[in-house]
Amino acid sequence: MTALAATFTTVLDRGDHAIFSDTTYIAAYRLLNQILPEWTIRSIRRSTHGSSTAARSRCRCA
């Protein structure tokens, strides 16, 4: 969990949005949905069925 938190807080800034897969590791899911929103980093869960190139073009990491 510490490595995930370090990675996300290094890459993401306040006000950013993270897009993650609906098959995300539970610790990452909890971090993205419960902890990072306290720092105004929002997250969006997307299905792994199909892809969204428009969303990826606006992301810092995918």
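With rounding to the nearest 0.5 Å, the separation of NE2 in His17 from OG1 in Thr40 is 9.5 Å. Atom CG of residue Leu4 and atom OH of residue Tyr25 lie 7.0 Å apart, to the nearest 0.5 angstrom. Note that the CD1 atom of Ile19 and the CG atom of Leu32 stand 11.5 Å from one another [nearest 0.5 Å]. Once rounded to the nearest 0.5 Å, the distance linking CD1 of Ile41 with CD1 of Ile35 reads 11.5 Å.
Taking 4.5 Å as the limit, some side-chain heavy atom of Trp39 sits within range of a side-chain heavy atom of Thr9. Side-chain contact between Phe8 and Leu31 is present, with heavy atoms from C-beta onward closer than 4.5 Å.
With sequence neighbours excluded, the residues satisfying side chain to side chain donor-acceptor pair (under 3.5 Å) with Ser43 are Asn33.
In terms of heavy-atom proximity, Asp16 sits nearest to Val11 at OD2-O, 4.3 Å.
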